[in-house]
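See below for the structure under consideration.
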Amino acid sequence: MNKFIRFLKGFLLIVFFVIAILATKNYQDLLYESIDIQLIAALLIFSTIVLMLLGGIFVGTIIHELGHLVFGLITGYKFSSFRIGNTCFIKENGKIKIKRMGIPGTSGQCLMLPPQLKKSKIPYRLYNLGGCLLNLVFVFIFLAVTISLYDYPVFHAIFSMLTVTQFVLLINNGIPTRTPYIQNDAQNLIDIAENKEAVHSFYIQLLVSEALSRGLSLSEMPSEWFTMPSDDKLNNSIVSTIAYLACLRELELGNYYSVHKLIRELLQKATNMLGLYKFFLEIEIIYLDVIHQWASKEYVFAKLEELKKPLASFRNSITVTRVLYAVNLIYKNNLAEASKNLQAFERAVKKYPYKQEIEKERKLIELANEVHYKLTHKEEN
């Protein structure tokens, strides 16, 4: 089924991009008539169409995230953070501040504080579908403008691209899909609707996000938010996210042995956990193995090679730089590479939105330093 959905989405995306190229015929004819050298005209057409497509996707992403914001506000949610690309607008101490934080595989995100649960229910459908709904509205708006500007080739081409990119984002988020790292709005909606525990888990996740924006660490939040779900519910991606957060909280509390065991069990049980969270749990296992020498160097290096692709994708993550720092410092004794990891960490934290997470990562870096110091002095003695 997943293969069919991916094929369907790919087919529809190709169709819409072909339509986009055909819709700019007036613009192409204008350039061919205006420029004598056909090669230059062709290159100019190609480059401007690409720019219009990229611009359309950027505009469409803003519209999509605004849809989540608007429909969230309508259904009782309150603003927490709004991200486009790596630029994040976050509410901090009652003020909106600009920070930098990107998640590979996502072009934006709108997080909000949900209304209070009533009889284990919250209005989650419009909030999750809001992006697609606003994209759909703008499909018709841009289409109407495109038709009205038929005699103006440049503007006709621009609004043709805007119309098509709205369709693309609508399809990309409206047809349920899981990717290697994340899943889209439609899949989230299906998983939330699966059972009451998923609705509650979705609610808690938004509370956690809002609490982080207020400067609270996971260990300072109510412990009942992080109750480990029962095994039979862990295959739900929304529910398993609570288990993921519970593991991070245990790590923050310094319960290293128990969280090491907990993560290993969770990775076996929660088969539908988001790939993003699986990856971060896997590298926390590596960190703990290195800090406590619970695994051989050969095992750790093999595991890093296995995770080579996601490590490259998340190379600017403060967690990834911290884990690689520990590996290079303790298991490889490569001070030069460790220093580069530390520099990358410092670059990443400059605009990182959550100060308490930065403090947690610094403590774990300091723990790595302490282990390295003990090991080197033990060898000297």
Side-chain angles (χ1 to χ4, degrees), residues 83 85-88 99-107 109 179-182 209 212 217-218 241 243-245 247-252 254 256 259-260 262-264 266-267 273-295 297 299-372:
R83 178 176 61 82
N86 292 332
T87 303
C88 184
K99 302 287 185 177
R100 290 190 66 79
M101 183 182 70
I103 301 175
T106 69
S107 54
Q109 187 178 45
T179 69
Y181 297 138
I182 60 168
S209 295
L212 286 171
S217 65
L218 295 177
T241 298
Y244 164 75
L245 292 171
C247 289
L248 295 189
R249 188 173 189 270
E250 288 298 300
L251 180 68
E252 194 174 287
Y256 301 131
V259 77
H260 186 274
L262 183 61
I263 291 173
R264 285 193 174 280
L266 185 58
L267 288 172
M273 178 184 282
L274 296 184
L276 176 71
Y277 298 152
K278 284 183 179 179
F279 165 71
F280 278 104
L281 289 180
E282 284 174 333
I283 63 171
E284 292 299 2
I285 284 283
I286 291 173
Y287 174 81
L288 293 171
D289 283 340
V290 169
I291 291 296
H292 299 284
Q293 288 90 60
W294 287 337
K297 292 181 180 181
Y299 173 83
V300 168
F301 298 159
K303 195 65 180 175
L304 287 172
E305 185 62 29
E306 182 183 319
L307 297 172
K308 188 175 181 179
K309 187 176 179 180
L311 282 169
S313 298
F314 295 94
R315 62 186 176 278
N316 294 321
S317 158
I318 59 175
T319 299
V320 168
T321 53
R322 179 255 299 171
V323 172
L324 292 179
Y325 173 76
V327 172
N328 282 316
L329 186 68
I330 298 169
Y331 267 18
K332 293 186 177 181
N333 199 29
N334 189 332
L335 301 185
E337 281 300 313
S339 178
K340 289 179 182 178
N341 297 141
L342 205 54
Q343 290 169 17
F345 175 85
E346 294 301 336
R347 286 195 299 270
V349 301
K350 284 182 180 178
K351 287 282 186 176
Y352 192 76
Y354 304 123
K355 293 179 181 178
Q356 67 278 20
E357 287 195 15
I358 296 172
E359 291 174 6
K360 178 202 75 174
E361 295 294 341
R362 289 196 187 283
K363 287 179 181 177
L364 294 173
I365 286 173
E366 186 54 39
L367 178 58
N369 290 335
E370 291 173 8
V371 171
H372 179 255

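Quick note: residue numbers are just sequence positions, from 1.
The shortest heavy-atom contact between A295 and Y331 is O-OH, 2.5 Å. Closest approach of I365 and Y325 over heavy atoms only: CG2-CE2, 3.7 Å. Across all their heavy atoms, I291 and A368 have their closest contact at CD1-CA, 3.6 Å. The heavy-atom pair separating Y181 from L274 by the smallest distance is O-CB, 3.6 Å.
Under 4.0 Å is where a charged nitrogen must lie from a carboxylate oxygen, and between K363 and E366 no such pair does. Classification of E306 and K303 as a salt-bridged pair holds, one side-chain N sitting under 4.0 Å from a carboxylate O.
In this structure, the side chains of M273 and T241 stay at 4.5 Å or more apart for every pair of heavy atoms.
Taking SG of C247 as the reference point, atom CG of L266 lies at 5.0 Å (rounded to 0.5 Å). Here the straight-line distance linking atom CG of D289 with atom OH of Y256 works out to 14.0 Å at 0.5 Å rounding. K278 NZ to I263 CD1: the interatomic distance, rounded to the nearest 0.5 Å, is 14.0 Å. Note that CG of L262 is 9.5 Å distant from CG of L267, once rounded to the nearest 0.5 Å. Atom CG of residue L342 and atom CG of residue N328 lie 11.5 Å apart, to the nearest 0.5 angstrom. For the atom pair CG of L276 and CG of L281, the computed distance is 9.5 Å after rounding to the nearest 0.5 Å.
The cationic group of K332 lies under 6.0 Å from the six-membered ring centre of F301 and within 45° of the ring axis, placing it in a cation-pi geometry.
For NZ of K99, the number of neighbouring non-hydrogen atoms (other residues, nucleotides, ligands) closer than 6.0 Å is greater than 12.
At distances below 3.5 Å, at least one donor-acceptor pair connects side-chain atoms of R249 with backbone N or O atoms of L218. In terms of modelled atom types and a separation under 3.5 Å, the side chain of R315 and the main chain of A312 share a donor-acceptor contact.
By the 30° and 60° cut-offs, the orientation of the rings of W294 relative to H292 is parallel.
You'll find the ring centres of F279 and F314 inside the 6.0 Å limit.
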Pair N333-H372, side-chain contact (heavy atoms from CB on, under 4.5 Å): steps then yes or no:
CA-CA 9 Å; N333 199 29; H372 179 255; 3.3 Å; yes
Any chance you could lay out the side-chain contact (heavy atoms from CB on, under 4.5 Å) test for R322 and E284, step after step, and finish with the verdict?
CA-CA 10 Å; R322 179 255 299 171; E284 292 299 2; 2.8 Å; yes
Verify side-chain contact (heavy atoms from CB on, under 4.5 Å) between K360 and S217, making sure each step is shown before the conclusion.
CA-CA 8 Å; K360 178 202 75 174; S217 65; over 6 Å; no
Between E337 and K340, does a salt bridge (Lys or Arg N to Asp or Glu O under 4.0 Å) hold up when you go through it step by step?
CA-CA 5 Å; E337 281 300 313; K340 289 179 182 178; 3.5 Å; yes
Dump the intermediate steps for side-chain contact (heavy atoms from CB on, under 4.5 Å) on L251 and L288, then the final yes or no.
CA-CA 9 Å; L251 180 68; L288 293 171; 4.0 Å; yes
